[in-house]
Novice: 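Let me begin by handing over the structure; questions about it come next.
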Amino acid sequence: MQTNTMPAAASVLVTGGAGYIGSHTCVELLQAGYRVTVLDNYCNSSPEALARVERITGKTVQRVQADIRDGAALRDALRSSQAQAVIHFAGLKAVGESVAEPLHYYDNNVLGTVRLLQAMQDCGVEQIVFSSSATVYGDPVRLPYTEDHPFAPTNPYGQTKLDVENMLRAQSRAKPHWRIALLRYFNPVGAHPSGLIGEDPQGVPNNLMPFVAQVAVGRRQSLNVWGSDYDTPDGTGVRDYIHVVDLAQGHLRALDMLQRGTGGQCTAINLGTGQGCSVLDVVQAFEQASGRKVPYQIQPRRPGDLPAYWADPSTAQRLLGWQAQRSLHDMCADTWRWQSMNPQGYASPVTA
Ligand code: NAD
Ligand code: WQD
């Protein structure tokens, strides 16, 4: 009989792991030696993303096609994977859709997380990293946003993120053994430098970077710049864009923090660069990185948009020893590589 003296690698359940941020985080987890099980219903993603994660890493991802509202499937996945921790990306994220269909958002994002936490409790899994958002802060009363900035989400999507954060804070007070990281992302953009995985929005992109990329590749004629009369240096909206690989690496650091038991019981952490960039900064950087023109037209402001916000990332630096490494040029160059290698997203044949 063979005996295996190697310690078993730590196992993580990743909900929503086939999605944009989840797939990039799976790459980092596998490269760091974790065993990864992805639970996803593919409502906004493709299993092809996981095939490509395997191609990048040369490692296997265990897949469970299921909904996070299915408690039995969650318990099965937690037990069979022997997960020690969960990274919870699964959820819906389209702001406009959340205004039109709020119940769908509360059902997926809030009820889905209730089911997940119940399953974790049943299975004795007590560490979770949650995908929160800078959207919980709402209208800035001061900038940069620090984690103690008041909460004032301005749409149902943002409210579901705050509701889940509140639920996790309550769980942490009731169950002091739990270790919880609430990661508040700023504006994730970019793609893996291999060009094999990236953001693949369905239909017309709502977000700036994928729209710019589709204009540059010729899928759309021109960009609408929503407003040029804000009180910002060039009049267009300012955001803290963060490379998705930096963001993914932040999750590994957060997992590490939970496992080491440093950083408190339930801790909110901004993941941003600390730098604001305008819409026109992004257009210019993309043109430079791609060598393509990005025609645009100035339009009226988009209802509900904030003029400007960016992160104070010092908590991440202090607690995680993490700071974003990649520039706006890197974000554009990597988006362009992904977009030009996969003009139709995951429906494109693999060319490299
Ligand atoms: P995404 O849509 O690409 O990924 C979400 C994944 O979750 C998809 O694979 C989807 O199929 C899956 N999913 C959704 N509902 C599910 C359910 N009920 N059961 C099982 N799987 C389900 O989105 P993303 O950009 O990768 O975002 C990941 C997380 O980060 C989300 O929770 C999102 O709200 C949060 N977030 C995203 C941004 C952003 O701008 N991308 C910013 C802040 C926070
Ligand atoms: C960025 C800037 C637009 C598109 C959203 C969610 C937020 C978070 C991230 C999850 C703004 C301008 C955009 C276009 C444009 N998601 N713009 N033309 O609105 O900062 O954040 O995604 O938590 O909750 O609200 O991102 O990329 O849509 O916009 O001029 O076609 O680009 O006005 O100034 P946003 P975005």
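Note that the structure is predicted; figures quoted are calculated from it, not measured. Counting starts at 1 for both ligands and their atoms, in listed order.
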Novice: Any idea how Trp336 and Phe286 line up, ring-wise: parallel (<30°), tilted (30 to 60°), or perpendicular (>60°)?
Specialist: perpendicular
Novice: Under 4.0 angstrom from ligand 1, any heavy atom of Gly17?
Specialist: no
Novice: Check each of Ser45, Gly91, Gly22 against atom 5 (C) of ligand 1 and report the one with the nearest heavy atom.
Specialist: Gly91
Novice: Could you identify the single nearest non-hydrogen protein atom to atom 20 (O) of ligand 2 and state the distance to 0.1 Å?
Specialist: Arg239 NE, 2.5 Å
Novice: For Gln249 and Gln325, does a side-chain donor sit closer than 3.5 Å to a side-chain acceptor?
Specialist: no
Novice: For the 3.5 Å polar cut-off, considering only N or O atoms, please tell me whether Lys93 and ligand 2 meet it.
Specialist: no
Novice: Answer yes if the side chains of Arg184 and Tyr137 hold a donor-acceptor pair under 3.5 Å, and no otherwise.
Specialist: yes
Novice: Out of all atoms in ligand 1, which are within 4.0 Å of some heavy atom of Ser131? Include the element for each.
Specialist: 29 (C), 30 (O), 32 (O), 35 (C)
Novice: Identify which of Ala94, Gly16, Ser132 has a heavy atom lying nearest to atom 7 (O) of ligand 1.
Specialist: Gly16
Novice: Salt bridge or not for Glu165 and Lys161, using N-O below 4.0 Å?
Specialist: no
Novice: For atom 29 (C) of ligand 1, find the nearest protein heavy atom and state the residue, atom name and distance (0.1 Å precision).
Specialist: Phe89 O, 3.2 Å
Novice: List the closest protein heavy-atom neighbour of atom 35 (P) of ligand 2: residue, atom name, distance to the nearest 0.1 Å.
Specialist: Asn187 ND2, 3.6 Å
Novice: Among Phe211, Tyr230, Trp226, Tyr309, which residue places a heavy atom closest to atom 14 (C) of ligand 2?
Specialist: Trp226
Novice: Measure centre to centre between the rings of His251 and Tyr185, then say whether the value is under 6.0 Å.
Specialist: yes
Novice: Heavy atom to atom 27 (O) of ligand 2, shortest distance: which of Leu208, Val238, Thr236 holds it?
Specialist: Leu208
Novice: Does a donor on one side chain and an acceptor on the other come within less than 3.5 Å for Glu97 and Tyr157?
Specialist: no
Novice: For Cys43, state whether at least one heavy atom is located under 4.0 Å from any atom of ligand 1.
Specialist: yes
Novice: Salt-bridged, Glu126 to Arg179, with N to O below 4.0 Å?
Specialist: no
Novice: Is there a side-chain contact between Asn207 and Glu199 in this structure, where contact means two heavy atoms from C-beta onward sitting under 4.5 Å apart?
Specialist: yes
Novice: Return the closest protein heavy atom for atom 18 (N) of ligand 1 as residue, atom name and distance.
Specialist: Asn108 OD1, 2.7 Å
Novice: Considering only the protein, which heavy-atom contact is closest to atom 25 (O) of ligand 2, and what is its distance?
Specialist: Val95 CG2, 3.5 Å
Novice: Tell me, please: is Tyr296 in heavy-atom contact with ligand 2, that is, under 4.0 Å?
Specialist: no
Novice: Heavy atoms only: which of Tyr185, Phe186, Tyr105 is nearest to atom 36 (N) of ligand 1?
Specialist: Tyr185
Novice: Has Lys161 got any heavy atom lying under 4.0 angstrom from an atom of ligand 1?
Specialist: yes
Novice: Considering only the protein, which heavy-atom contact is closest to atom 33 (O) of ligand 2, and what is its distance?
Specialist: Asp305 OD2, 2.5 Å
Novice: Report yes or no: does a heavy atom of Ala66 sit under 4.0 Å from some atom of ligand 1?
Specialist: yes
Novice: Name the option, out of Thr154, Asn207, Thr135, that contains the heavy atom nearest to atom 36 (P) of ligand 2.
Specialist: Asn207
Novice: If I compare all heavy atoms of Val244 with all of Ile21, which pair ends up nearest, and what's the gap?
Specialist: CG2-CA, 4.1 Å
Novice: Polar-atom distance check: Leu39 versus ligand 1, any N or O pair below 3.5 Å?
Specialist: no
Novice: Return yes or no for this condition: an N or O of Ile68 is under 3.5 Å from an N or O of ligand 1.
Specialist: yes
Novice: Checking a contact table here: which protein heavy atom is nearest atom 10 (C) of ligand 2, and how many Å away?
Specialist: Tyr157 OH, 3.0 Å
Novice: Which heavy atom of the protein is the closest neighbour of atom 29 (O) of ligand 2, given with residue, atom name and distance?
Specialist: Arg302 NH2, 3.4 Å
Novice: Within ligand 2, which atoms have a heavy atom of Tyr241 less than 4.0 Å away?
Specialist: 1 (C), 2 (C), 32 (O)
Novice: Could you pull out the closest heavy-atom pair between Tyr42 and Ala18, with the gap in Å?
Specialist: CE2-CB, 3.6 Å
Novice: Give the residue and atom name of whichever protein heavy atom lies nearest to atom 34 (O) of ligand 2, and the separation in Å to one decimal.
Specialist: Gly237 CA, 3.6 Å
Novice: State plainly whether the residues Arg337 and Asp334 are in salt-bridge range, i.e. N to O under 4.0 Å.
Specialist: yes
Novice: For atom 16 (C) of ligand 1, which of Asn187, Thr25, Asn41 has the closest heavy atom?
Specialist: Asn41
Novice: Tell me which one of Val215, Asn224, Val136, Asn206 gets a heavy atom nearest to atom 18 (N) of ligand 2.
Specialist: Asn224
Novice: What residue and atom, counting heavy atoms only, is the protein's closest point to atom 12 (C) of ligand 2, and at what distance?
Specialist: Val279 CG2, 3.7 Å
Novice: State whether a side-chain donor-acceptor pair under 3.5 Å links Gln118 with Asp122.
Specialist: no
Novice: What atoms in ligand 1 come closer than 4.0 Å to a heavy atom of Ala90?
Specialist: 7 (O), 13 (N), 21 (N), 22 (C)
Novice: Go through ligand 2 atom by atom and flag the ones less than 4.0 Å from a non-hydrogen atom of Ser133.
Specialist: 10 (C), 23 (O)
Novice: Closer than 4.0 angstrom, basic N to acidic O: yes or no for Asp281 and Arg239?
Specialist: no
Novice: Examine Asp40 against ligand 1 and note whether any of their N/O atoms are separated by less than 3.5 Å.
Specialist: yes
